[in-house]
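Below is one structure, written out as structure tokens; comments come after it.
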Amino acid sequence: MNPLVRYLVADVMRGQRWAAPMLAYLAILLIIGPPTGPVLPTYAMASAALVPIGMWITVVVMHNEEPMQAAITMSINRGFTRVWLAKLSAALVCTGVLGLAAFIWLTVTSTQFAQVGVGAMDFAMTVLAGVAFGAVISRPVMPKLGWTMVVGVGICFAQLFVRQAPPVNALIDLYAKDTPGATGMVVLIAAETVVLSALVVGLAHRVASTRV
């Protein structure tokens with residue numbers, strides 16, 4: 001792991017602000033699982049929950065340093081972009097650990113190993129999307145916590161209710177059918193999620209770089 005990313009993860013761990021999103025996700029998992037039927041719908045629900053959790057964790061990482069401390073970190077590590085990308089990487093690591101733990105638990109308790117590859121894609125794309133959306137609602141793009149909450153809730157509602165919005169609505173709609181679509185559909189949703197996440201991160205970086 002990159003030393004800067006490792007430092008940022010350790011700094012977040014010391015701050016203990018990660019405890020709230022972690023406990024929230026554990027509560028969601030206990031409600032959703034363990035699966036008693038086909039595991040794919042359970043994968044979809046558990047991975048979908050990682051989008052708001054990933055956004056929350058990204059806000060925690062981006063807001064962990066006070067502005068003065070963040071300025072010192074940037075001066076030591078050769079500028080804004082390198083530190084900003086490292087913070088996104090730290091958020092990916094933290095969210096990914098939660099996703100990996102959930103994926104392993106649901107897979108082991110369901111004993112349905114035929115869909116492991118599909119489940120892994122579900123979790124990977126929602127982790128990526130959650131962190132990407134979190135970049136848009138975090139400092140320095142949105143320094144005011146009130147706007148962070150309002151826009152964050154709006155993104156969550158859009159993900160839930162906009163038809164075929166990748167990844168959340170698209171996955172839930174896919175697995176809600178009596179005969180879920182082929183693996184190719186999951187790959188397509190994953191590709192759409194990667195493109196959407198890249199666009200969102202690019203937009204967030206462009207806005208953030210003008211507000212430092």
Side-chain angles (χ1 to χ4, degrees), residues 12 17-33 35 39-63 87-106 118-139 141-142 145 147-176 185-205:
V12 169
R17 296 178 184 176
W18 50 267
M22 183 194 73
L23 291 174
Y25 190 58
L26 289 178
I28 292 169
L29 283 181
L30 291 175
I31 294 169
I32 293 172
V39 73
L40 285 179
T42 309
Y43 279 154
M45 290 186 289
S47 59
L50 275 174
V51 171
I53 295 298
M55 292 166 63
W56 191 351
I57 290 174
T58 305
V59 171
V60 167
V61 173
M62 293 293 194
H63 291 232
K87 288 183 177 182
L88 283 189
S89 299
L92 273 174
V93 169
C94 296
T95 311
V97 167
L98 280 183
L100 180 61
F103 172 61
I104 292 172
W105 180 65
L106 291 174
V118 173
M121 278 194 289
D122 292 350
F123 280 91
M125 71 176 87
T126 52
V127 166
L128 179 63
V131 172
F133 290 137
V136 173
I137 62 173
S138 299
R139 191 188 291 159
V141 178
M142 290 187 184
L145 197 56
W147 281 110
T148 292
M149 295 174 65
V150 169
V151 177
V153 170
I155 290 172
C156 291
F157 275 111
Q159 279 287 300
L160 275 174
F161 299 118
V162 175
R163 291 281 299 175
Q164 296 301 314
V168 173
N169 189 275
L171 281 177
I172 292 175
D173 186 63
L174 179 67
Y175 294 144
M185 285 300 299
V186 180
V187 174
L188 177 60
I189 295 169
E192 292 173 345
T193 302
V194 170
V195 172
L196 176 62
S197 299
L199 291 173
V200 170
V201 168
L203 173 64
H205 179 264

Next on the checklist: Quick check against the 3.5 Å criterion: does D173 have a side-chain atom that pairs as donor or acceptor with the backbone of Q164?
Outcome noted: no
Checklist entry - With no hydrogens and no angle check, is any side-chain donor or acceptor of Q159 less than 3.5 Å from a backbone partner on V168? => result yes
Checklist entry - Can you list the steps and then say if I189 with V186 is a side chain to side chain contact (heavy atoms under 4.5 Å, CB included)? => result CA-CA 5 Å; I189 295 169; V186 180; 5.6 Å; no
Next on the checklist: Using 0.5 Å steps for rounding, measure from the CZ atom of F133 to the OG atom of S197.
Outcome noted: 6.0 Å
Item to check | Which atom of P21 lies closest to which atom of I53, heavy atoms considered | outcome: O-CD1, 3.7 Å
Checklist entry - Under 3.5 Å, is there a donor-acceptor pair between the side chain of T148 and the main chain of I137? => result yes
Item to check | Worked verdict on D122 versus T126 for side chain to side chain contact (heavy atoms under 4.5 Å, CB included) | outcome: CA-CA 6 Å; D122 292 350; T126 52; 5.8 Å; no
Checklist entry - Closest heavy-atom contact between H63 and R139? => result NE2-N, 3.0 Å
Checklist outcome for this item: The reported gap from CG in L50 to CE in M125 (rounded to nearest 0.5 angstrom) is 12.0 Å
Checklist entry - Taking it one step at a time, do R17 and V12 satisfy side chain to side chain contact (heavy atoms under 4.5 Å, CB included)? => result CA-CA 7 Å; R17 296 178 184 176; V12 169; over 6 Å; no
Item to check | Where L88 and A135 come nearest, the two heavy atoms and their spacing | outcome: CD2-CB, 3.7 Å
Next on the checklist: To the closest 0.5 Å, what do you measure between CE (M55) and OG1 (T95)?
Outcome noted: 11.5 Å
Item to check | Shortest non-hydrogen separation from M142 to V136 and the atoms involved | outcome: CG-O, 3.8 Å
Next on the checklist: Under 6.0 Å between ring centres: does that hold for Y175 and Y43?
Outcome noted: no
Item to check | Rounded distance [0.5 Å steps], CE in M62 versus CD1 in I57 | outcome: 13.0 Å
Item to check | Minimum heavy-atom distance G33-W105, with the two atoms named | outcome: C-CH2, 3.7 Å
Checklist entry - L26 and L98: side chain to side chain contact (heavy atoms under 4.5 Å, CB included), yes or no, with the steps? => result CA-CA 9 Å; L26 289 178; L98 280 183; 5.5 Å; no
Next on the checklist: I want to check something: taking the side chain as every heavy atom from C-beta on, are L106 and P35 in contact at a cut-off of under 4.5 Å?
Outcome noted: yes
Next on the checklist: Between S47 (side chain only) and F123 (backbone N and O only), is there a donor and an acceptor less than 3.5 Å apart?
Outcome noted: no
Item to check | Minimum heavy-atom distance between T193 and A129, given as atom pair plus value | outcome: CG2-CB, 3.9 Å
